[in-house]
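Note that ligands are numbered from 1 as they come in the structure, with each ligand's atoms numbered from 1 the same way. Note that this is a predicted model, so its numbers are computed, not measured. Just the heavy atoms: all of them, side chains too, but no hydrogens, waters or symmetry mates, feed the values below.
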Amino acid sequence: MRNKATAIAPSNIAFIKYWGVKDEILRLPKNGSISMNLSNLLTTTTVEFNPDFYQDTVTIDTVIDIVSGNRVIKHLDRIRSLAKIKYKAKVVTVNNFPTSTGLSSSASGFAALTLAGARAAGLDLSEKELSILARQGSGSACRSIPDGFVEWLDGDTSETSYAVSLHPKSYWDIVDIVAVVSKTKKEISSTDGHKLATTSPFFEKRLELNKEKMILMKQYIKDKNFSAFGELAESEALELHAIYLTSHPSLIYLLPASLRLLHLAKKWRQEGLEVYFTLNTGQDVHILCQKKDEKEVVQKLLKLKEVQNIITNYPSDGAKLSNKHVF
Ligand code: PMV
């Protein structure tokens, strides 16, 4: 048994969002979703299973975090059960960005943990099996396993709910620039938020519209139709936040600085700079643009007092093994 392995996985940004679960334990989503892996929001994780360890230890960005650690240990249990081993593990994870602020550290984190953990446990899983396993740690992590532009298939069972690559990273050179407006941690995690989805009176309508949106989004990406793609991504993000705002209790993630960026994105577009925004469960704003406009968008964002820093992302591969162990 190979007992130590390292993986690097990207976070991903969803253009059609996953929100709401039909099975909380298995993390089966209420609807399909489409995303792109992000080249510059990365988690590196090393996992070692060792008969000499008497307990699991989990270190995330140099901190031994009990809450996140417990979620990681549950995932190690899934891996141990598949591999039929009992050894305890040491897990060390390093993110190149702040965790739990809405930048989807759980997506990159659980994708990296799944690949490194499975390999360290001696399992040789297919991409589909890795995606199914990652999904159970954090839903959106299943989309960080395959390369490039990705669809999470809307299956009703664990075996049919996994992500597949639609196009490789080189297919379309669009850019996702994250404008970080605050490093405050979310008050309600997405795991808890998903459970509130059905309390919004608009959630059923959202589900009804999902299938058509999935078809359109795939077509716009395939055609590289940036305008249609951007309009749909933007309206989808606003719809997600409409569900947040109308849930009970309500979820208000956007800050004044986030709202200012949404207004500015629309203004810049009217002035001829084609940018669109998308959002996650958090306050930061993802600005989508074409490669030819990247420099101008970056310059504009960096001038704003609301923007603490920016993270520029290109389409990226999914999770990959690495021989550079963290410990
Ligand atoms: O995978 P989770 O539980 O972190 O949920 C992700 C939720 C959104 O980021 C808002 C949407 C998505 O599809 O990534």
Side-chain angles (χ1 to χ4, degrees), residues 9-38 41 43 67-68 71-72 74-75 95 97-114 131-146 149-154 161-163 166 176 178 185-197 200 203 206-207 210 213-214 217 232-245 247 251-254 258 277-286 288 313 318-319:
S11 178
N12 66 73
I13 180 70
F15 303 131
I16 300 295
K17 313 279 183 182
Y18 144 54
W19 195 246
V21 279
K22 51 190 170 207
D23 185 317
E24 268 174 43
I25 308 284
L26 287 173
R27 290 183 201 265
L28 297 179
K30 287 269 193 185
N31 60 272
S33 53
I34 294 173
S35 64
M36 177 181 101
N37 287 326
L38 300 173
L41 287 172
T43 299
V67 177
S68 307
R71 208 166 145 193
V72 170
K74 273 196 188 153
H75 205 58
N95 290 299
F97 60 97
T99 58
S100 306
T101 59
L103 293 176
S104 302
S105 53
S106 66
S108 51
F110 279 93
L113 176 68
T114 300
S131 181
I132 289 170
L133 184 55
R135 188 203 72 227
Q136 296 169 65
S138 170
S140 53
C142 77
R143 294 188 312 236
S144 289
I145 298 286
F149 295 83
V150 172
E151 174 178 2
W152 181 356
L153 304 170
D154 181 17
S161 181
Y162 60 95
L166 295 170
D176 173 294
V178 186
K185 294 211 174 196
K186 297 181 280 204
E187 272 174 30
I188 300 200
S189 69
S190 48
T191 300
D192 292 332
H194 285 291
K195 296 176 197 159
L196 298 177
S200 164
F203 188 67
R206 171 171 165 76
L207 285 186
N210 171 263
K213 279 184 169 184
M214 291 285 289
M217 183 53 84
L232 183 56
E234 199 171 285
S235 71
E236 165 69 357
L238 289 170
E239 192 181 291
L240 174 77
H241 278 257
I243 299 293
Y244 292 165
L245 294 170
S247 293
L251 300 170
I252 306 178
Y253 291 109
L254 300 181
S258 331
F277 60 79
T278 183
L279 303 159
N280 273 348
T281 320
Q283 62 270 3
D284 298 329
V285 180
H286 290 243
L288 304 167
N313 296 283

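His286 places none of its side-chain heavy atoms less than 4.5 Å from the side chain of Leu279. Cys142 has its side chain out of reach of Tyr162: every pair of non-hydrogen atoms, C-beta onward, lies at least 4.5 Å apart.
Residue contact check for ligand 1: Arg27 places no non-hydrogen atom closer than 4.0 Å to it. Residue contact check for ligand 1: Ala107 places no non-hydrogen atom closer than 4.0 Å to it.
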Checking Arg206 against Glu236 for the side chain to side chain contact (heavy atoms under 4.5 Å, CB included) test, could you report, in this order, the C-alpha distance in whole Å, the side-chain angles of both residues, the deciding distance, and whether it holds?
CA-CA 10 Å; Arg206 171 171 165 76; Glu236 165 69 357; 2.9 Å; yes
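Under the 3.5 Å distance criterion, with hydrogens and angles disregarded, a donor-acceptor pair is assigned to the side chains of Lys17 and Thr278.
At under 3.5 Å, a nitrogen or oxygen of Ser140, whether backbone or side chain, sits near a nitrogen or oxygen of ligand 1. For ligand 1, one of its N or O atoms has an N or O atom of Ser190 under 3.5 Å away. Considering backbone and side-chain atoms together, Lys17 places no N or O closer than 3.5 Å to any N or O of ligand 1. For ligand 1, the polar-atom distance check against His194 finds a nitrogen or oxygen pair separated by under 3.5 Å. Between Arg143 and ligand 1, at least one pair of N/O atoms sits closer than 3.5 Å.
Proximity of Tyr244 to ligand 1, defined as any heavy-atom pair under 4.0 Å, is confined to the side chain (atoms from C-beta onward).
Ligand-side atoms of ligand 1 in range of Ala14: 12 (C), 13 (O), 14 (O), range being under 4.0 angstrom from any heavy atom. For ligand 1 and Ser106, the ligand atoms under 4.0 Å from any heavy atom of the residue are 4 (O).
Closest approach of Arg27 to Gly139, counting heavy atoms only: CD-N, 3.6 Å.
Aromatic pair Trp19/Tyr244: ring centres closer than 6.0 Å.
A side-chain donor-acceptor contact under 3.5 Å links Arg71 to the backbone of Gly137.
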